[in-house]
Amino acid sequence: MAMRRSQVIRYALEQYKSYRVPNVTQSLPSWYTKGTNGSLDSWSRCVHGSVALTQKKVGRVPLSSERFPQLKRGDFARVTDGDLQVFERLVPSRVLTEPGDIEGHNVDWSGTCRGAGQVLLRPKTTEEVSAILRYCNGRRLAAVPQGGNTGLVGGSVPVFDEVIISMSLMDKIISLDEISGVLVCQAGCVVDKINEALEPHGLMTPHILGAKGSCQIGGNISTNAGGLRMLRYGNLHGNVLGVEAVLANGDVLDCLSTLRKDNTGYDLKQLFIGSEGSLGIVTAASVLCPRIPGAISVALLGCDSFAQVLQTYDAAKKMLQEILSAVEFMDRASMEVVQENLQLTCPLGAHRYYLLVETSGSNAAHDEEKLNSLLGHVMEKGMVDDGTVATEPSKVQSLWALRENVAVALRADGCVYKYDVTVPMSRFYDLVAATRKRVGTDATRVVGYGHLGESDIHLNVTCPQHSEDVFDALEPWVYEWVAKCKGSVSAEHGMGILKRDYLYHSNTGPAVLLMKQLKGLMDPRGILNPYKISSQTEKT
């Protein structure tokens, strides 16, 4: 049965609930807690560059300054009572100094990093952000911009006592052109809220993330977020048409174009996409929003060699073309962990690898026919040993749940070392196999899953508790392995503080030097989000 349009709209906007696990809450260990929107929350800790997820309360997360003793506080001023008085004039009644009000803003989403920020400012307008930065720059007060704080590498929280500038109150939608699909909004708009506003007009954001109920568009832009549909819609470098940003000295850079074609000089907005707030604070953006698809179908396919996986992916691109919206990958260990720890059911038998292929189009019958044709072709050619196609909303969501909930299932193993990297397609699974051989029986399991369409592999290694032997076997070896095959040590979330020592693994010396020169030009006093991305880009 094909989805009706109303069902498709609801599914397209609600499909990716953060870690949604239907009907399995009671099967989880007691230290998992029910979060908002049906999500599941647990505490976590981090050891150096990897995210090691364990049972950990926020208050017990070590300070980043203690975890990374090699980091020294820069030559920045400290906030005084006089500074607080000025801040109160700049943003009246929106200056927070109580520890209880600030605690959550000092710790990143996964609980991996904790700063010691003592002041939180909540501007509502670009003019207020400008005034704040102009004052901070004059006093040389370091500042960290913060969106929804859903990152995983410590990029959105202080390291020492930086002033936190929360964008949460800058949540206004400025305009929407229904014909062109161009949305203009402030940087603090939550992605879920944007989609609620877009839905009546038949539009949606080009990126859908697990954290869409909390993450903000400004933070997404600052980390160049991709999401589950990047194969179809691309990343934000292509979908952001313009930005408004405040520079370190308080100057407002208005590049808020709504045009898809504008070749007048340097494309300055690109400097703020993926630079993690280190060159300026994004305060508004114009984003190209696609139409909500009229039909969604999903196929789950089982393969018994990685060569078959690549052949199937190639066939999907050729046979589905314009309706192909996602190709997600899971290995057997990934499927086993959602079955064992969450009691989810896979409709296929046991296979070494699985592919989830999604189509999004305007004609349900046409799309289903093409997807069934693909399934018949790959099975006839021996690329796939088993497969199933779903078009009903409940069945589509059940197949997606297998892929989306791998991260939740892994947490039940205890400690999880997580690496999110990109490698050449031909080497996509080699890292997982090499890691499995390297750690041997010291780990509970080594799992590989991710976005095959973007060559983005999520390598996860689990243990009952933190193991120095396992960690030492993983780092810096994982990043060195990625560097040798000319991959990227950060596929998503940016570099933050956790990966700052590995920037050279994915960039040449001249490239890093140019980054440092840009930082020096745009933030000569080094006040914007210091200690992040790389030590080589810091103001000394």
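Worth saying up front: this structure is predicted, and the values here are computed from it rather than measured.
- Classification of the W477-W481 ring pair by plane angle, with boundaries at 30° and 60°, yields tilted.
- For the pair C485 and V423, the tightest heavy-atom approach, listed with the atom from each and the gap, is SG-CG1, 3.8 Å.
- Residues H207 and I217 have side chains in contact (heavy-atom distance under 4.5 Å, counting atoms from C-beta outward).
- For the residue pair S278 and N529, no side-chain donor N or O sits within less than 3.5 Å of a side-chain acceptor on the partner.
- To the nearest 0.5 Å, atoms CG (L375) and CG (D386) are separated by 8.5 Å.
- How far SG of C189 is from CD of E196: 11.5 Å, rounded to the nearest 0.5 Å.
- The 12-atom threshold is exceeded at CD of E480, counting heavy atoms of other residues, nucleotides or ligands nearer than 6.0 Å.
- Contact annotation: the side chain of E340 approaches that of R445 to within less than 4.5 Å [non-hydrogen atoms, C-beta and beyond].
- Shortest non-hydrogen contact noted between S506 and G487 is OG-O, 3.4 Å.
- Counting only N and O atoms by type, the side chains of D420 and H493 include no donor and acceptor under 3.5 Å apart.
- Atoms CG and CG, from D501 and L498 in turn, are 10.0 Å apart once rounded to the nearest 0.5 Å.
- Checking Y353 against Q308 by side-chain atom types alone, no donor-acceptor pair falls below 3.5 Å.
- A distance below 6.0 Å separates the ring centres of Y479 and Y419.
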query: Step by step, would you call N460 with Y449 a side-chain contact (heavy atoms from CB on, under 4.5 Å)?
result: CA-CA 9 Å; N460 289 251; Y449 66 100; 3.4 Å; yes
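- For G117 against N106, the heavy-atom pair with the smallest separation is N-OD1, 2.8 Å.
- In terms of the ring pair (Phe, Tyr, Trp, His ring centres under 6.0 Å) criterion, H105 has no residue partners (sequence neighbours excluded).
- With sequence neighbours excluded, the residues that form a ring pair (Phe, Tyr, Trp, His ring centres under 6.0 Å) with H451 are H458.
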- prompt: Hey, mind stepping through M335 and L348 against side-chain contact (heavy atoms from CB on, under 4.5 Å) and telling me if it holds?
  reply: CA-CA 10 Å; M335 189 64 74; L348 307 184; over 6 Å; no
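- Under the 4.5 Å side-chain criterion, counting only non-hydrogen atoms from C-beta, T205 is in contact with L198.
- In summary, of the residues considered (L355, V309, L301), a side-chain contact (heavy atoms from CB on, under 4.5 Å) with V327 occurs for L355 alone.
- Residue D331 comes nearest to R436 through the heavy atom pair OD2-NH2, 3.4 Å, listed as atom of the first residue, atom of the second, then distance.
- If you check the side chains of Q216 and S168, you find a donor sitting under 3.5 Å from an acceptor.
- A donor-acceptor pair shorter than 3.5 Å cannot be found between the side chains of E328 and W400.
- Of the options V439, V461, T462, V416, a side-chain contact (heavy atoms from CB on, under 4.5 Å) to T444 is made by T462 and by none of the others.
- Residues T388 and P347 share a closest heavy-atom pair of CG2-CG, 3.9 Å.
- Nearest heavy atom pair, residue D108 against residue G151, reads OD2-O, 3.6 Å.
- Between V384 and H351 there is no side-chain heavy-atom pair separated by less than 4.5 Å.
- Separation of the Y313 and F329 ring centroids does not fall under the 6.0 Å cut-off.
- In this structure, C463 and D442 have side chains that are not in contact, with every pair of non-hydrogen atoms separated by 4.5 Å or more.
- At least one side-chain heavy atom of R500 sits less than 4.5 Å from a side-chain heavy atom of I497.
- We find the CG-NZ distance between D314 and K317 to be 5.5 Å, quoted to the nearest 0.5 Å.
- The aromatic rings of Y417 and F471 lie tilted to each other, with the angle between the two planes from 30° to 60°.
- Residues C346 and L300 form a side-chain contact, since some pair of their non-hydrogen atoms from C-beta on lies under 4.5 Å apart.
- Interatomic distance, L399 CG to S394 OG, rounded to the nearest 0.5 Å: 9.5 Å.
- No side-chain heavy atom of E492 sits under 4.5 Å from any side-chain heavy atom of E454.
- Expressed to the nearest 0.5 Å, how far OG of S360 lies from CZ of R232 amounts to 5.5 Å.
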